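Labels below follow one simple rule: chain letters A, B, ... track the order of the sequence lines, proteins then strands, and each chain is numbered from 1. Predicted model, so just to flag it, every value in this text is computed and none were measured. Both backbone and side-chain heavy atoms feed into the values below; hydrogens, waters and symmetry mates do not.
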Amino acid sequence: MRLRAALLAGAAALGVAVLGGAAIAQQRTTLNVGMAAQDVGRLDPHFAVTTIDRVAVAWMFNGLVRFKPGSINPAEIEPDLAERWESSPDGRTWTFHLRRGVQFHGGFGEVTAEDIAFSLRKAAQASTSAFSGDFRAFESVDVVDPYTVRIRLRENVPSLLGLVTNYAGGYIVSKRAVEQKGDAFVRAPIGSGPFAFASVTPNQSLELAAHEGYFRGSPQIKRISYRFIPSDASRDLAFQNRELDVNYGRAQATWVERTRRLPNVIVDVFEPAELSIININTKQAPFDDIRVRRAFAHAINRAELVRWRGEGVAREGQSLVPRGYLGFTADVPLLQHDPDRARALLAEAGHPNGFTVRVVHTQLPEMLAGMQVVQQQLRRVGINLDLQVVEHATFHQQIRQDLSPLVYYGAARFPIADIYLTQFYHGRSIVKTPTAVTNFSHCTMADAEIDAARVETDPQKQLALWAEAQRKLVEAVCGVPLFETLLVFARHNSVDYGYELKGSMSLGPLITEATRFR
Amino acid sequence: MIGFVVQRLIAAAPTLIAVLTLVFVIVRIVPGDPALVILGDQATPEAITALRARLGLDRPLHEQYFEFLFASLTGDFGTSLVTGRPIVSEVAAVLPHTLDLTGAAMVIGTAVGVPVGIWAALHRNRAIDVAARILSLLGLSFPVFVSGIFLLLLFALHWKIFPVIGNANLADPVDRIHKLVLPAITLGLVMAAYITRVTRSAMLHVLSEDFIRTARAKGVPWRAVVWKHGLRNALIPVVTVVGLYVGILIGNSVLTEIVFNRPGLGKIIVGALNQRDYSMLQGLMVIYCFLIVVVNLITDLTYGLIDPRVKHA
């Protein structure tokens with residue numbers, strides 16, 4: 001009798017546990033995402049410049065058009081807030097027709113042409129956007145009627161759709177919310193995406209709630225808790241302990257392999273890759289001598305760098321534009337690893353015993369480790385780098401003051417060659433000039449091709465111009481490409497993004513209305 | 001007593017102004033432009049100039065200084081350059097977490113450190129003393145990011161008693177304590193190691209004094225000699241160290257906060273420094289300085305409770 005009672009009690013307990021477990025599984029609607037960061041910064045999408053901010057704003061905002069989820073291929077851009085568009089034969093006037101009935105979060109009303117015009121004008125203005133430089137070619141943005149907006153350009157741009165996509169300055173904000181909230185908008189934004197801002201706790205988390213009125217349907221995930229966990233070890237432990245469903249990963253083969261060995265875990269390695277380049281100041285001795293720059297390039301062993309970084313997450317740089325970008329070409333005279341040739345060139349240039357050069361570099365661990373590998377490679381041919389390691393913000397300030405003849409820089413940009421070439425190798429972008437961006441090499445020899453390609457309407461001619469620009473820059477050794485690093489995120493296999501994650505311009509997985517728990 | 005408190009607060013005013021001035025100068029000497037940090041690496045000089053003007057960073061330094069000084073003294077710390085939110089509310093959101101952690105660590109550090117230190121002193125050069133010294137050395141040698149991760153591996157991952165993510169719901173006392181245990185132990189044990197050594201040393205010193213010998217010669221029981229005469233006198237340096245250690249605790253708490261993913265003042269300071277958030281750094285330093293002044297005041301008042309010979313007025 002006692003045994004039977006015990007068995008019955010045990011079965012009941014088991015039943016409760018199983019049913020309870022099933023109920024919990026069914027109820028799982030909060031997605032916990034771990035991010036390697038201290039805090040979010042500015043959630044106004046036109047000021048979202050850090051990875052942590054970019055990942056989050058992509059869940060809250062739409063563009064006129066969007067990259068197909070999981071892709072960064074400009075050829076796969078599809079309608080978002082605009083259901084269709086057309087352009088004039090000269091490519092300078094674009095008309096977008098909006099979907100009707102798309103609602104902003106928090107009762108801020110319907111998305112109209114007024115909001116589109118306001119957002120694009122805001123994105124183009126230096127005082128209200130970090131991406132104003134991208135919209136230099138915009139002449140006007142006019143409201144034709146509540147559901148039609150017209151953009152006029154001063155000159156052709158390589159991809160107008162690229163500028164109005166769900167990326168950087170292309171995000172659409174609620175005009176009424178910006179005007180009503182003022183400065184508070186940067187930490188409590190209003191968009192029209194699948195998730196709405198709910199709250200932010202400094203140094204802790206950003207909470208987002210499903211936008212039930214989302215025009216593509218109510219999201220299956222009802223809440224996102226975006227946790228800021230700067231310690232890699234703690235974040236990994238939290239992920240292992242299933243306190244996180246999605247985890248920001250480290251772009252290291254050892255981390256990827258170790259994480260893939262965990263049960264029921266998927267590691268996504270995706271585009272866009274960040275291309276690391278050593279930019280060489282061609283106007284400063286001893287690098288004003290092309291033989292020294294060539295010696296430098298011959299001393300770099302890209303294969304070794306990729307082995308160090310891990311072949312699953314890195315690949316060799318092939319040009320001064322990341323591979324896969326529209327306009328990229330591998331058909332460039334890239335100098336290969338040849339230490340003997342490097343030594344001979346140095347001797348020829350009057351440096352038979354090599355030389356020492358002072359270089360400013362960041363203390364960010366991943367960038368510092370990469371530079372230390374390069375430092376060892378250069379030492380083998382007699383080039384000694386005297387690394388002045390400074391804090392990251394100081395590094396950014398000092399390299400813009402032209403204080404370092406060599407600048408190690410890793411960056412991913414909108415996947416069209418024009419952006420990379422203009423920002424890093426156009427004369428207008430030379431540091432310490434009124435129009436400076438990030439041209440550390442002071443190279444100007446490809447300006448004509450870059451400018452011509454930007455306004456060229458024939459796609460084949462445009463590609464040829466970009467290829468020619470890359471050839472000239474590589475030949476002059478304005479920079480030496482090192483390696484490209486892909487993005488890494490891990491998730492438990494219970495998380496289904498609803499698409500195949502091959503790329504994401506927001507630098508993190510896009511959480512859409514289709515994302516769900518399996 | 002009140003007169004003493006007022007006198008000390010008035011004496012703290014020049015210190016506070018000196019700290020404010022130093023903070024203002026230091027955050028501006030450190031290279032790195034807040035506008036560039038906020039706008040990112042693709043920003044144009046035009047956008048950077050516009051933002052600098054909007055943040056008031058283009059105004060003459062003396063103007064910025066006097067405005068900051070006046071605002072700080074009236075309790076207005078302004079808004080964060082990065083988030084645009086009032087600094088007071090940013091700090092108020094995390095201050096309870098920091099006070100919880102430092103308070104609990106101080107309780108653990110004192111509750112463990114003082115008895116172990118006394119015990120070790122009373123058993124000088126015996127196994128107990130040697131063990132206490134070795135353990136305190138270990139406690140001081142282990143950085144919190146090692147001991148913290150070790151505790152997480154054991155109690156969160158293996159036994160699943162505590163969570164890895166320690167951001168507690170302040171409105172829920174059970175959750176608040178549950179998520180405080182591991183971080184408080186991690187931080188508290190370092191303090192305990194330090195207090196053990198100080199207490200042991202102070203006790204050994206006091207126990208070798210003439211008045212202790214006299215008390216024993218008069219036939220006062222050993223227990224009374226230790227507790228009434230020895231400990232009371234040894235506690236003055238211990239209290240001084242505990243008071244000083246509170247400042248160190250607030251500073252050291254940053255690593256604990258990072259390992260256990262707890263919000264807190266330390267994490268905000270690191271974030272503000274990385275982002276060159278001048279106004280946030282200035283505000284935090286003023287609050288930090290104020291906390292130190294208050295703790296020192298409490299320490300001074302405690303002297304009077306331990307030793308009536310210490311007069312406050």
For chain B, find which of [options] contributes the most heavy-atom pairs closer than 4.5 angstrom.
options	value
A:Thr438, A:Val186, A:Thr435	A:Thr435
A:Phe185, A:Phe228, A:Tyr409	A:Tyr409
A:Gln125, A:Gln398, A:Arg227	A:Arg227

Around atom [atom1] of [X], are there more than 12 heavy atoms from other residues, nucleotides or ligands closer than 6.0 Å?
X	atom1	answer
B:Glu46	CD	no
B:Phe162	CZ	yes
A:Phe131	CZ	yes
A:Asp183	CG	no
B:Phe142	CZ	no

What heavy-atom pair brings [X] and [Y] nearest, and what distance separates the two atoms?
X	Y	value
B:Gly271	A:Gln38	CA-CG, 3.7 Å
B:Arg85	A:Pro202	NH2-CG, 3.9 Å
B:Val164	A:Ser234	CG1-O, 3.4 Å
B:Lys267	A:Asn203	NZ-O, 3.2 Å
A:Ser127	B:Ala50	CA-CB, 3.9 Å

Below 4.5 Å from any heavy atom of chain B, which atoms of [X] appear? Answer side chain, backbone, both or neither.
X	value
A:Ser129	backbone
A:Thr201	neither
A:Phe395	neither
A:His396	both

What is the distance from atom [atom1] of [X] to atom [atom2] of [Y], rounded to the nearest 0.5 Å?
X	Y	atom1	atom2	answer
A:Asp53	B:Ile38	CG	CD1	11.0 Å
A:Ser231	B:Ile149	OG	CD1	5.0 Å
B:Leu152	A:Asn241	CG	CG	9.0 Å
A:Ile229	B:Phe260	CD1	CZ	13.0 Å

query: Are any of the side-chain heavy atoms of A:Glu243 and B:Asn261 separated by less than 4.5 Å?
result: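 Not in contact.
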
field: B:His97 vs A:Gln204 side-chain heavy atoms within contact, under 4.5 Å
entry: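 In short, these two side chains touch, coming nearer than 4.5 Å.
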
query: Taking every heavy-atom pair that is under 4.5 Å apart, which of B:Val37, B:Val259, B:Thr49 has the most such pairs with chain A?
result: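 Heavy-atom pair counts peak at B:Val259.
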
- request: Just give me the residue among B:Ile258, B:Asp277, B:Leu157 that pairs up with chain A most often, heavy atom to heavy atom, under 4.5 Å.
  value: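 It is B:Leu157.
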
Would you mind checking which part of [X] comes under 4.5 Å of any heavy atom in chain A, side chain (CB onward), backbone (N, CA, C, O), both or neither?
X	answer
B:Ile165	both
B:Ile48	neither
B:Asp33	both
B:Ala35	neither
B:Val94	side chain
B:Leu81	backbone

- prompt: Do any of residues 42-50 of chain A have a heavy atom less than 4.5 Å from a heavy atom of chain B, and if so, which, in residue order?
  reply: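 Hits under 4.5 Å: A:Arg42, A:Phe47, A:Val49.
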
field: Step-by-step side-chain contact (heavy atoms from CB on, under 4.5 Å) determination, A:Arg400 to B:Leu36
entry: CA-CA 10 Å; A:Arg400 280 165 178 77; B:Leu36 181 61; 3.6 Å; yes

- prompt: Under 3.5 Å, is there a donor-acceptor pair linking the side chains of B:Arg276 and A:Thr394?
  reply: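 Yes.
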
